[in-house]
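Here's the structure, in structure tokens; my notes come after.
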Protein chains: 2
Amino acid sequence: MSVAIDLSPAEENYLKAIYHLSADGSLEVSTNDISSRMNTRAASVSDMLKKLSAKKVIEHQPYMGVKITALGKSEALHIIRKHRLWEVFLVQKLHFHWDQVHEVAEHLEHIRSRLLIERLDEHLGFPKVDPHGDPIPDAQGRINLRPHVLISDAEVGAEGTMVSVLETSPLFLQYLDKLGLRLGCLLKLQDRVTFDGSVELLIDQNKQIIVSNEVARNVYISA
Amino acid sequence: MSVAIDLSPAEENYLKAIYHLSADGSLEVSTNDISSRMNTRAASVSDMLKKLSAKKVIEHQPYMGVKITALGKSEALHIIRKHRLWEVFLVQKLHFHWDQVHEVAEHLEHIRSRLLIERLDEHLGFPKVDPHGDPIPDAQGRINLRPHVLISDAEVGAEGTMVSVLETSPLFLQYLDKLGLRLGCLLKLQDRVTFDGSVELLIDQNKQIIVSNEVARNVYISA
DNA sequence: AAAGATAATTAGACAAGTCTAAAAATAAAA
DNA sequence: TTTTATTTTTAGACTTGTCTAATTATCTTT
Ligand SMILES: [Mn+2]
Ligand SMILES: [Mn+2]
Ligand SMILES: [Mn+2]
Ligand SMILES: [Mn+2]
């Protein structure tokens with residue numbers, strides 16, 4: 001059984017940020033990276049790193065980077081599991097739009113109740129991905145990754161279904177809707193402009209659009 | 001439209017306690033009553049009363065009692081609405097038992113999202129009462145009260161359906177289960193022992209039990 | 001009505017989480 | 001290899017919510 005870690009909501013948010021910034025725990029992360037992602041000052045991050053170190057979820061030697069521990073990784077995955085299950089609930093049961101779920105899930109994810117999450121998972125039919133295409137870790141923290149590639153990294157001529165998005169801000173997601181880009185659609189990378197990195201896409205073999213590099217860097221297709 | 005009141009979770013919990021202690025806002029409440037219900041010290045309550053006064057949700061003159069304002073009442077009802085809707089969700093959709101919902105709802109009630117509550121209400125089919133038989137205020141804070149009386153206040157010979165419970169602690173609710181007392185059953189008060197106030201009940205015209213005054217003071221039947 | 005009991009408030013402290021400003025360490029440039 | 005720039009940490013402060021101990025106000029009882 002999992003050890004009794006007791007993180008405050010603030011600590012959970014920082015830990016999750018570190019987990020994501022480190023590419024699922026593999027890289028070291030800098031104080032500034034964390035502060036810009038959390039919209040707090042570097043000084044606040046330094047304070048928080050001490051607390052997280054004391055709770056053994058990260059390793060941190062001053063002025064060197066931060067690395068998440070195995071314990072921290074498993075805690076982070078548990079929070080992410082809750083976040084994504086709530087997002088599924090909001091879309092599937094309460095008919096939220098995919099651009100409306102992130103903010104609310106950011107709060108719901110901190111509710112502590114083993115039973116609640118078990119039952120929610122069951123109620124939703126044990127979903128494997130959230131409304132943004134991100135995989136939902138199981139109760140043991142295992143994630144099942146589907147091979148995918150950013151449109152910006154794919155080669156001209158590549159084809160795949162749209163499996164997930166990196167950005168989840170309402171503005172970005174609403175723009176994707178407007179472009180006709182939604183999870184599951186078939187995308188073919190027809191051309192790339194070397195000048196600005198924008199790309200020409202064929203959607204579901206019938207609609208052709210051009211998207212900026214900024215968009216291409218935030219949309220994944222199956223590989 | 002409602003004015004922009006911004007209460008912290010702690011402030012919301014105190015306000016709700018004051019609302020309940022004052023019998024829905026009609027009575028004055030003492031500092032000690034609040035402190036014992038909230039499991040905090042009287043000094044903490046004094047501090048909190050200043051904050052709630054500043055936010056115009058209560059009226060408080062030092063050493064005199066506390067009275068909830070119209071604004072406070074409407075805020076309290078809104079929190080109670082959320083609390084009870086979440087309780088219904090937990091029982092109806094996630095199959096929680098009625099003794100498991102209160103604690104989790106105590107946290108869920110603080111999540112702020114107009115859309116979330118509107119949609120939750122809809123998802124649940126606009127329920128009128130929570131799993132403990134308590135009425136759910138509508139979005140305008142209106143409650144629809146059914147006439148009811150505590151078993152301890154009813155006359156011998158009185159009969160009615162069990163409509164709600166006052167206590168919601170797991171231990172009490174589990175005890176009611178064991179006695180066979182559940183919402184909706186038909187109860188007849190057959191006798192009362194003057195000595196200790198315990199009462200003899202006939203459940204659904206076939207099962208006879210004796211319950212203590214403590215139990216009788218926590219169960220309502222229709223009047 | 002004065003004394004004693006009870007209730008409520010203030011004073012002072014602490015932890016969590018944040019900030020600004022200053023200092024120190026590391027990295028980059030000249 | 002100095003000097004300069006950037007990054008990170010520390011120092012000190014503020015807010016919220018809590019506590020204990022001391023003080024003050026109100027209520028009860030002779
Ligand atoms: Mn969060
Ligand atoms: Mn998501
Ligand atoms: Mn609460
Ligand atoms: Mn209830």
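Each chain gets a letter, A, B and so on, in the order its sequence line appears, and its residues count up from 1.
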If I take atom [atom1] in residue [X] and atom [atom2] in nucleotide [N], what distance separates them, rounded to the nearest angstrom?
X       : N      : atom1 : atom2 : result
A:Glu28 : C:dA27 : CD    : P     : 12 Å
B:Lys50 : C:dT9  : NZ    : C1'   : 7 Å
B:Asp47 : C:dA13 : CG    : P     : 15 Å
A:Glu11 : C:dT18 : CD    : C1'   : 14 Å
A:Leu52 : D:dT9  : CG    : C1'   : 16 Å
B:Met64 : C:dT9  : CE    : P     : 11 Å
A:Met38 : C:dG17 : CE    : P     : 11 Å
B:Glu12 : D:dT16 : CD    : P     : 15 Å

Give the nucleotide from the list [options] with an atom nearest to the side chain of [X].
X       : options               : result
B:Thr40 : D:dC19, C:dG17, D:dT8 : D:dC19
B:Ala10 : D:dT8, D:dT18, C:dT9  : D:dT18
A:Tyr14 : C:dC19, C:dT9, C:dT18 : C:dT18
B:Ala43 : C:dT9, C:dT18, C:dT10 : C:dT10

Inset, instruction - Describe the nucleic acid contact of A:Thr31 in one word from base, sugar-phosphate, nothing, applying a heavy-atom distance below 4.0 Å. - result: sugar-phosphate
Inset, instruction - Could you check whether B:Ser46 gets within reach of a base, just the sugar-phosphate, or nothing at all, counting any heavy atom under 4.0 Å? - result: base
Legend entry - Closest non-hydrogen atom pair, A:Arg192 against A:Ile151: NH2-O, 3.0 Å
Looking only at atom types and distance, does a side-chain atom of [X] sit under 3.5 Å from a main-chain N or O of [Y], one as donor and one as acceptor?
X        : Y        : value
B:His60  : B:Lys50  : no
A:Arg81  : A:Gly141 : no
A:Ser198 : A:Asn213 : no

Legend entry - Electrostatic pair A:Glu106:A:Lys16 at N-O distance under 4.0 angstrom: yes
Legend entry - Residues B:Glu11, B:Lys55: salt bridge by 4.0 Å N-O rule: yes
Strictly below 4.0 Å: does [X] bring a side-chain N or O up to OP1 or OP2 of [N]?
X       : N      : answer
B:His60 : C:dA8  : no
B:Arg41 : D:dT20 : yes
A:Asn32 : D:dT8  : yes

Legend entry - Separation of A:Leu116 CG from B:Leu90 CG (nearest 0.5 Å): 6.5 Å
Legend entry - Gap separating the CE atom of A:Met38 from the CG atom of A:Asn13, nearest 0.5 angstrom: 5.0 Å
Legend entry - Side-chain donor/acceptor of A:Tyr63 to base of D:dT7, under 3.5 Å: no
Inset, instruction - Take B:Ala42 and B:Lys51, find for each the nucleotide of DNA chain D with the closest heavy atom, and name the residue whose nucleotide sits nearer the 5' end. - result: B:Lys51
Legend entry - Bend angle of the helix from C:dA1-D:dT30 to C:dA30-D:dT1, from helix axes over five pairs at each end, nearest 10°: 10°
